[in-house]
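Before any comments, here is the structure.
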Amino acid sequence: MSVMLQEVNDDNMTSKNKLLSRQLLDWYDAHARVLPWRAKPGETADPYRVWMSEIMLQQTTVATVGRYFLAFTSRWPSVADLARAELDDVLREWAGLGYYARARNLHACAKAVVADHGGRFPDTEQELLSLPGVGPYTAAAIAAIAFDRSAAAVDGNVERVISRLSAIETPLPGAKTEIRARTLELVPAQRPGDFAQALMDLGATLCIPKRPNCLICPWMTACRARELGVAEALPVKAPKKQRPVRNARIFWAERADGAVLMRRREEKGLLGGMLEFPSSGWATGKEKADLAPPYASGWVTTKKQIEHTFTHFHLVLDLQQTDEVFDDLPAHDGDWRWVARHQLATEALPTAMKKVAVAMLGSDVFRRV
DNA sequence: TACGCGTGGAC
DNA sequence: TGTCCAAGCGT
């Protein structure tokens with residue numbers, strides 16, 4: 001079935017497109033990067049590892065993903081292992097990688113693969129698309145890389161490469177449809193998975209955002225943007241909005257044994273399911289902000305301040321503390337707990353909260369022994 | 001369609 | 001040093 005479709009696709013390819021595909025695959029054979037999740041020549045790709053890497057790589061650099069990928073695949077070698085894990089353990093292991101909905105969806109997806117697909121990843125783009133956390137790019141990438149399906153995996157790299165190759169000057173995201181169509185024209189019947197990876201490698205190493213290395217690019221002579229001298233100006237992107245500032249107070253409390261008071265955030269939304277130190281609301285604008293503590297105590301300022309920039313706002317946290325030494329949890333709503341200092345390093349703390357802990361306790365608390 | 005959603009590296 | 005931005009997805 002898929003072979004027939006691929007042959008049709010191959011017949012429909014122009015000789016010019018076939019040449020481009022071959023040039024890129026030749027370049028890939030000579031320059032492919034060695035990455036932990038990538039099958040070596042002759043090896044069969046493991047769908048579980050391909051999926052895991054693709055989720056982690058969403059909006060995240062290869063260098064950052066490396067150690068997380070090794071930690072996850074060591075601890076949970078198969079999708080069945082991951083499906084059996086506790087969500088809290090997954091979130092702890094994900095802490096620091098960001099976009100925590102990915103971790104929740106990763107866990108939900110593993111469960112779905114076990115419950116609905118007998119523990120094997122589906123091998124079509126359409127079925128993959130129905131899994132939690134798997135969108136159009138990731139479905140195409142897994143279909144191509146893990147199952148050798150003819151699919152156009154269009155990520156930020158591919159958008160850049162293709163918009164330059166064809167000198168597409170329509171601003172993103174409006175140009176997505178056109179870029180996808182142009183990419184599909186280039187996907188070869190043979191080695192679609194290698195082609196997908198080659199396209200992304202090209203974007204990551206040569207066809208980079210600033211100062212692209214056109215002189216050693218396998219597509220140098222075909223690239224319309226280079227011909228027109230506009231490669232670095234593409235792709236055109238819609239202007240970004242500036243980030244507002246939000247202000248809040250953190251209320252630092254300790255128990256007699258030195259444990260610190262923390263609470264679990266709501267399951268959904270910003271930092272969903274992660275731990276935080278009790279705080280006021282995170283309001284926009286210093287004047288309007290309600291900076292009241294979540295419970296009464298003798299709060300005084302520490303004169304310490306933490307700043308952290310998220311995707312869509314900048315956060316300024318004033319750190320307050322109390323002399324009160326607690327025996328039990330103060331009156332509260334939600335999931336609050338005392339966390340021993342030596343446990344902080346292995347808890348699901350987002351980076352902003354790690355900064356708070358470091359300001360109060362010193363950087364030694366995150367030195368894993 | 002547009003927005004909410006993290007982080008660390010490169011420059 | 002601030003800005004940009006990376007293998008996007010869900011709503």
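If you're wondering where the values come from, they're calculated on a predicted model, not measured in any experiment. Any value given below was found using the heavy atoms of this structure, including those in side chains, with hydrogens, waters and symmetry copies removed. In the text below, chain A, chain B and the rest are named by the order of the sequence lines, each starting its count at 1.
Using a 4.0 Å cut-off between a side-chain N of Lys or Arg and a carboxylate O of Asp or Glu, A:R75 and A:E93 qualify as a salt bridge. Taking the charged nitrogens against the carboxylate oxygens, A:R224 and A:E169 have no contact shorter than 4.0 Å, which rules out a salt bridge. Contact check on A:R263 versus A:E276 returns a salt bridge, with a Lys/Arg side-chain nitrogen under 4.0 Å from an Asp/Glu carboxylate oxygen.
Between the CH2 atom of A:W94 and the C1' atom of C:dC9 there is a distance of 12 Å, rounded to whole Å. Per the geometry, NZ belonging to A:K268 stands 7 Å off P belonging to C:dT11, to the nearest Å. Residue A:K210 contributes atom NZ, which lies 8 Å from atom P of C:dC4 at whole-angstrom precision. The CD atom of A:E125 sits 16 Å away from the P atom of C:dG8 (whole-angstrom rounding). Here C:dC9 presents its P atom at 12 Å from CG of A:L57, a figure rounded to the nearest Å. One interatomic measurement links the two molecules: NE2 of A:H314 to C1' of C:dG2, which rounds to 11 Å at whole-angstrom precision. As rounded to whole Å, 10 Å separates atom P of C:dT11 from atom CZ of A:R104. B:dG4 atom P lies 14 Å from atom CD of A:Q242, rounded to whole Å.
Shown for residues 26-37 of chain A: residues whose heavy atoms fall under 4.0 angstrom of DNA chain C, namely A:R33, A:L35, A:W37.
Within 4.0 Å of A:P173, counting heavy atoms only, lies no atom of the nucleic acid at all. At the heavy-atom level, A:R38 lies under 4.0 Å from base atoms of the strands shown. Residue contacts shown for A:K237 are limited to sugar-phosphate atoms, with no base heavy atom under 4.0 Å away. The residue A:V134 sits close only to the backbone: its heavy atoms come under 4.0 Å of sugar-phosphate atoms, none of a base.
Taking the centre of each ring, A:F310 and A:H308 come in below the 6.0 Å mark.
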| note | Its contact letters, B for base, S for sugar-phosphate only and - for none at protein heavy atoms under 4.0 Å, make nucleotides 5-11 of chain B read BBBS---
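Candidate nucleotides C:dA6, B:dC3, C:dC5 were compared by shortest atom distance to the side chain of A:K241, and B:dC3 ranks first. Which of C:dA6, C:dC9, C:dC5 sits closest to the side chain of A:K240 comes down to C:dC5.
Each of A:W51, A:W37, A:W94 was compared with A:F72 under the ring-ring contact (aromatic ring centres under 6.0 Å, His included) criterion, and only A:W94 meets it.
A:E266 CD: 12 or fewer foreign heavy atoms inside a 6.0 Å radius.
Interatomic distance, CG of A:L261 versus CH2 of A:W252, reported as 10.0 Å (0.5 Å rounding).
A distance-only check finds no donor-acceptor pair linking the side chain of A:S363 to the backbone of A:V358 [under 3.5 Å].
Between the side chains of A:Q58 and A:R102, no donor N or O sits under 3.5 Å from an acceptor N or O.
Using P as the reference atom, C:dC9 and B:dG8 are 22 Å apart when rounded to the nearest Å.
Comparing A:L129 and A:S53 against DNA chain C, the residue whose closest nucleotide sits nearer the 5' end is A:S53.
Side-chain contact between A:W299 and A:R249: absent, with no pair of heavy atoms (C-beta onward) separated by less than 4.5 Å.
OP1 or OP2 of C:dA6 sits under 4.0 Å from a side-chain N or O of A:R160.
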